[in-house]
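Beneath this line is the structure, given in structure tokens, with notes to follow.
Every chain is numbered from 1 and lettered A, B, ... according to where its sequence line falls, protein lines coming before strand lines. Hydrogens, waters and symmetry mates are skipped; everything else that's a heavy atom, side chains included, is used.
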Amino acid sequence: MAAGGPSVFLLMVNGQVESAQFPEFDNLYCKYCFVYGQDWAPTAGLEEGISQITSKSRDACQALVWNFPIDITFKSTNPFGWPQIVLSVYGPDVFGNDVVRGYGAVHVPFSPGRHKRTIPMFVPESTSKLQKFTSWFMGRRPEYTDPKVVAQGEGREVTRVRSQGFVTLLFNVVTKDMRKLGYSSWPADTQSNPGPSLPQGTPG
Amino acid sequence: MNPREEKVKIITEEFIENDEDANVGKRKKNSKVQRQLRKKQPPTTGPDKMVSEESHPGNQQEPAQDEPQTRLLSVTARRGPCSLPPIPSASRTGFAEFSMRERMREKLQAARSKAESALLQEIPTPRPRRLRSPPVKELETEFGTESGKEVGSTQQEDDFQSYSRVKFHVSARKIKSKPQVPPGFPSAEEAYNFFTFTFDPEPEEAGEKLKHQDGTDQEEEEGEEEPPAQEGANRMDEEELLHGKDAEDFLLGLDHTADEFLAVRRADYESAHVRLQREKEMLFIPSRLTVPTYKKLPENVQPRFLEDEGLYIGERPEVARTNQNIMENRLLMQEPVRWFGDDGRILALPNPIKPFPSRPPVLTQEQSIKAELETLYKKAVNYVHRSQHMIGSGDPSGNFQLDIDISGLIFTHHPCFSREHVLAAKLAQLYDQYLARHQRNKAKFLTDKLQALRNAVQTGLNPEKPHQSLDMIQKTINEYKSEIRQTRKLRDAEQERDRTLLKTIIKVWKEMKSLREFQRFTNTPLKLVLRKEKVDQKADEEAYEAEIQAEISELLEEHTEEYEQKMEEYRTSYQQWKAWKKAQRAKKKKKKQATEEHPEEETEEPYAEEDPVKPTPPEPTDRAVIEQQVRERAARSRRRPGEPTLLPELSLAGSVTPNDQCPRAEVWRREDVKRRSVHLKVLFNNKQVCRTASRQLGTDFRVHFGQIFNLQIFNWPESLTLQIYETVGHSSSILLAEVFLPIPETTVVTGRAPIEEVEFSSNQHATLDHEGVGSGVPFSFEADGSNQLILMTSGKVSHSVAWAIGENGIPLIPPLSQQNIGFRSALKRADAISSIGTSGVTDMKKLAKWAAESKLDPNDPNNAPLMQLISVATSGESYVPDFFRLEQLQQEFNFVSEEELNRSKRFRLLHLRSQHVPEFRNYKQIPVYDREIMEKVFQDYEKRLQDRNVIETKDHIDTHRAVVAKYLQQVRESVINRFLIAKQHFLLADLVVEEEVPNISILGLNLFKLAEQKRPLRPRRKGRKKVTAQNLSDGDIKLLVNIIRAYDLPVRKPTASKSQQPSRSSRTFREKHAASPDTRSPTHSADYPLGQVLVRPFVEVSFQRTICHTTTAEGPNPSWNEELELPFRAPNGDYSTASLQSVKDVVFINIFDEVLYDVLEDDRERGNGIHTRIERHWLGCVKIPFSTIYFQARIDGTFKIDTPPVLLGYSKEQNMIIERDFDSVRSLSEGSYITLFITIEPQLVPGESVREKFDSQEDEKLLQATEKFQAECALKFPKRQCLTTVIDISGKTVFITRYLKPLNPPQELLNVYPNNPQATAELVARYVSLIPFLPDTVSFAGLCDLWSTSDQFLDLLAGDEEEHAVLLCNYFLFLGKKAWLVMGNAIPEGPTAYVVTWEKSHYLIWNPCSGHFYGQFDTFCPLKNVGCLIGPDNIWFNIQQYDSPLRINFDITKPKLWKSFFSRSLPYPGLSSVQPEELIYQHTDKAVAAELQDSRIEKILKEKIMDWRPRHLTRWNRYCTSTLRHFLPLLESSQGEDVEDDHRAELLKQLGDYRFSGFPLHMPYSEMKPLIDAVYSTGVHNIDVPNVEFALAVYIHPYPKNVLSVWIYVASLIRNR
């Protein structure tokens, strides 16, 4: 690291899970976690979090506001496996059972700056009408074995899901040394001079 | 909120106050409630309330005005919320103001009383509102948004209604009696307000609001005044509408009626007719009728049908005719034209839906399935990646070259041109034209032609060829003549043009000269010289005259012809005219008579017919006139005779005036020109490939480049473009123009290509502030600015384009075939059928026919490639590439060459990781730079790759096994790869957790559970939650081993006489002390006089080198009941199912005897301290592979302890003898047993078997039958194993009975006991058990059980239960026994295969892996349940109630007990066996075995033992070792039986001085590691007595086919002192 400059780049994400739109539900809380590739490692901050329970606002828009902060820093050597935030929202059903109200995931924005993301949330559907009824009745709705599956494509073809609502996230993204490592995530016009070409190791 | 609303609120409040004034007492209550009401309501209710308050009283007071008023109000109210001015009063005149003031006053009064009445009635009830006329309803809906609030208020209102009714009369009286504030005298403020209000209502309102806030005394009055004013205004509007000027009187009258609250008026009713009428204005119902086309088109436009014109229009989407009509009508109501196309139909895109499915139909699984599934063998061919560009790849050399020579550029106009330049350019142009004409000299050519024609006519007229008919001659002459005429005209025109050109040249030159003179400098070196060529005047004149004469005569001739023709015409028409005239005359006569009779009618029809004009006779041609004409024309177009011919010559010889003599503007211009530079860019296929150097613009506006560009190309060029850029100073360059160059013919090659000029012109507009004339702007040469010219920048590029010639003289031109389609985009070509390899579509004619039949629209762009293909194909020059390109754009995306990519270590690492190569699968944080990646990262991997090919003999002692191991490794890898692919198939259950639908029984159970006791006396085991493996980490998983009890452990045997009296120190501890607590152990043996404990066993469990042990129990049947917990670590921290399945670790459960030795040297100290040494003697062990635990989830049962055949110092004879008498069951089994319960915490979900259907060579019917059979069996007994098909080592499904076939065991085995079949059977079983065991689940992770045939099994020398069982069964069949394969569950293996034989009277169950056999009724038989029996020709499924071998009947002939696969309905088809005809056994090389035995195994084991004792000296007793070595072959020959006593005796004889503890281990040989592990697990090395010695002997007995039986005798010796 002494001679050749940085050997990792850093991605600092802070922001918040701002609010949600779940037209039919109330008293929800949300859980977030990050899914990232093998070349990524969190260096600071919280990888997972669980928010307070929020009730609908009384006004017409009926937003569920959490304003739940996210703050994490990753280091990485490779943009492959760029972190995704996985959100899962839970809340009580009519019988008071805690059931899942939505899963959703989105990549952390690539370019530095302030980004607002609204992600649609969905839940897995029951496999049959009868199951649907019993799951409703028992308060044991189908859930993903691991919420992180929503961040990957593998095996999703066997599931059926239903849309539930939306969650709005705010990200403030700061990157460090990406340019030095030859990655540019800026729009082209803001680049005054092109960064160094892809790093090629010197032999030996 | 908005002021209006606020105001209304205030008004109402004031009303209340008024009321309070008026009727203090009674009203108070009312008003209080009222106030509360007000307070409760948010201010937004304003407009609504206003309406209700004001309009309702109006209803009662002014019936006549009510409706319009409310409507007006509604209008204002509607406006209210958005724009404030409530009253349209701005246009009021002075008079209106005046009259209004008065009215206002009255209104004030009226309003007061009204307000009171309003209070009484309060806010009107909803009922009257409902009765109101439609406009009011409209108003309600207007405020529908606030209905919620309204409801709130109306509820209260309802309460009030009754109350207010009661009060009604009282209040009415009071109003009457109470004098109002004198209305006639408005205060100044009132007046002010009034005026301001009238002129500008808004500021007043604002001011008013302020005042309200002030809370002054005026407030009340103002407030009171306000609303009436408004109302009045409102009313006035409508009064003007309704009554005009007399509204005033009417209003005055109204004041009186205002008090009449109970005015009744009839409900408003609008007749249906009126309403319909009104609706008609608003509503529109589109008609369904077809709209005539003319309506849909702009006026006077005829519909145009593009399709008829041959343009492609797609097929429109299907829309019902009526719907279309409705839509059209609707659109017509709005804006008709935009929506309709030229054909008068609604514009529509073509229907995007294809009429045919794009996915090929799935073939139904009918009887033809076999044919479709039949696989063809094709040899695998390595895929050679072609990275060549798509077109080049088909051809040997993909490089073609195009040479573009750009020599220069000349501007014919440029903004910097001065006027002189313009003229010069013009002159140059004209001169060029002249030169061109001169070169062609058309005039001369035509003249010659004319001459020739004339001669021809001459000869034609004087016929010298009489044989030709006169007619013909006449005809040809006529033809000639007409041709002469044509030619002459042409010639004249040419001559005239020549002349005018010359004239213009001269004129321009003159202009230029005058301009030069005028401006007093010259800019251009142009100079025109007119050379005169003298001509011979006489000859010239003659020729001229002759020409004219000839022409005249010709013309005359023509004219006479014409004249005659005309005369003819004239005559006929004249005749006609005459006839008509006559008729007319006759008519006139008649008419005259008629007019006399009816004179008035004469004028009626004067001339019914148009009378033909009297034809005028044509004038005969006058020669003089013609001559005149001819001469004139000749003078105009021809050189006058004798006049010299003028030959203009343009030269650049002139001199340009130097700068210092020029005026400033010109100098500026010249400087500007100098600052300009020009360059060209060459665009190939719209991509810039090169550009010329930037050259300065010369003063003559010529730029010389002289550059040649060689373009290396792959494709046939589509376009070649030159872009001309001009740069002024240092600013950016401007694109002046684009020039398209033609692509040269293939014949044009470098060197032969001529320089061509291409003109260009720009639409650039430039105005300059110097002499330059600019471009695109008008300028003039004249002083007065007339005759304006607009010139655009233009010029010529001289260039040449040619194909280059290669080194060997071959032009580098893309082949013609490419060229055919090269004009189209390369990408498109890739899409076309041609590039997907239409070699398959061979019959082009058929294709064309099909295209014609299916009526493909040739204009449809979608069909273009097809059409083109057809046209190309039918035209014969079909070019169809015979390749199919998958990655046609690969090269475009290659940003580095492949070698470079491969060189990159980082890329390699990433690549290997994404390929799930085990070494890198979990590699984290791959470094950014290559230099940070250590080379050693790859070392392991590379080594492994090398190992794959090189057989390494280091780890494997004999080469054969090395080969086998390698082979197994490879099979394993391939299967694992297959498994990894199959693992991608997820099931819903893998991803989504969903509760099962409870069925009735579960529901019932659950209900029952509610009534269940909280803590039942007999608790039942509850199922644990299963954990999916992926989210686990180190330390999460524990292995729980519950050691419950053991039976029949060997007991210590009193040592023989010699050692019976050992020195005191070596006496066992127990001998002296403690009586045996174990009551069960029989102590009546004479050998145990002191009641010594027979054995003190404890259990040690080792797993993954973690060791736990229980406490020590006592006696041969100890009970520990202890739970041991061992951590589990998955390899590489990978807890995925696949990884867990391949864990090869084994749980060793070793039973030791703890022996305490008193080491006290001195008896005197006995009282003070205890010095004992603990020794542990190995009694036996149980090995359970982890994979078994993993798949079984729990292992629960009693296992036979694997005890060594000879256990020196121990025996179980004594108690056995006694017990055998009583317990017949136990007598059957010899050996010790241990009861265990092993499980994993948390419970892991074992991997699912690979859900993969393997292909098969079995008959399809058979396969279907197997499926059916299995389904039926599973339905009845889902837990019983039923096997019909298995997968062979090549991954194909094979029917199971094909594996069973009599096979010969090694002959030498048969020779051992030729007369004892039972012994032979045992020997054979032993041979089979000596083949190493390797579970499939370990080698082939993922539970795909592969069955190898017996020869494969013997070659591999490894297999699991199935292979062993199959081989054993085959041997038994060969021996003539009745034998079957038993599929069932055993302990500890789980699902496994055993062999059952019928021995005359009873059944024997053989464990093929251990070689042991059990009787059917042996309780210790590890086989616990039986699923099915498999014979060589049938399968029988157990359909008995029980499945334990103890309780079932093995008689397969009873169909009630055994369901057979092949029955009468499906007879056995006689399946051939997959096994070989005969097994061939090679003798194992004894020398190799001996070498292995001595030098390898023994050496390694000795080293290992020394390694395990790092802190102690390890001495080897050679004498003992040799003794043991002699003894081991005996053990082998007797199979570990009946040698113990002899052995012991011998040992005692030889090693009398030593206390000896040791035992022989016996195992099949596979690798070194299991041997080492086994030795380690005995713990012999653990003795740390200082003077201990060790002995280790190894014996390998070779069996045929490299099956080796390994005996290891390991012992420790302690010298007795």
**Item:** Under 4.5 Å from a heavy atom of chain A, the part of B:Leu910 involved
**Value:** side chain
**Message:** Tell me whether A:Lys31 is salt-bridged to A:Glu143, with the criterion being a basic N under 4.0 Å from an acidic carboxylate O.
**Reply:** no
**Prompt:** Say you draw a straight line from CG of A:Asn27 to CD1 of A:Ile53; how long is it, rounded to the nearest 0.5 Å?
**Reply:** 7.0 Å
**Item:** Part of A:Ser76 lying under 4.5 Å from any heavy atom of chain B
**Value:** backbone
**Fill in**
Cut-off 4.5 Å, heavy atoms of chain B, and the answer for A:Lys75 is both
**Prompt:** Which residues pass the salt bridge (Lys or Arg N to Asp or Glu O under 4.0 Å) test with A:Asp26, sequence neighbours left out?
**Reply:** none
**Fill in**
Bottom line for B:Arg903: the part with an atom under 4.5 Å from chain A's heavy atoms is neither
**Message:** I need the minimum non-hydrogen distance between A:Val108 and A:Phe171, along with the two atoms involved.
**Reply:** CG2-CE2, 4.5 Å
**Message:** If you compare all heavy atoms of A:Phe122 against all heavy atoms of A:Gly104, which two are closest, and at what distance to 0.1 Å?
**Reply:** CE2-CA, 4.4 Å
**Asked** Side chain, backbone, both or neither: which part of A:Phe80 has a heavy atom under 4.5 Å from chain B?
**Response** side chain
**Request:** Could you look at A:Arg160 and say if it's the side chain, the backbone, both or neither that has a heavy atom under 4.5 Å from chain B?
**Result:** neither
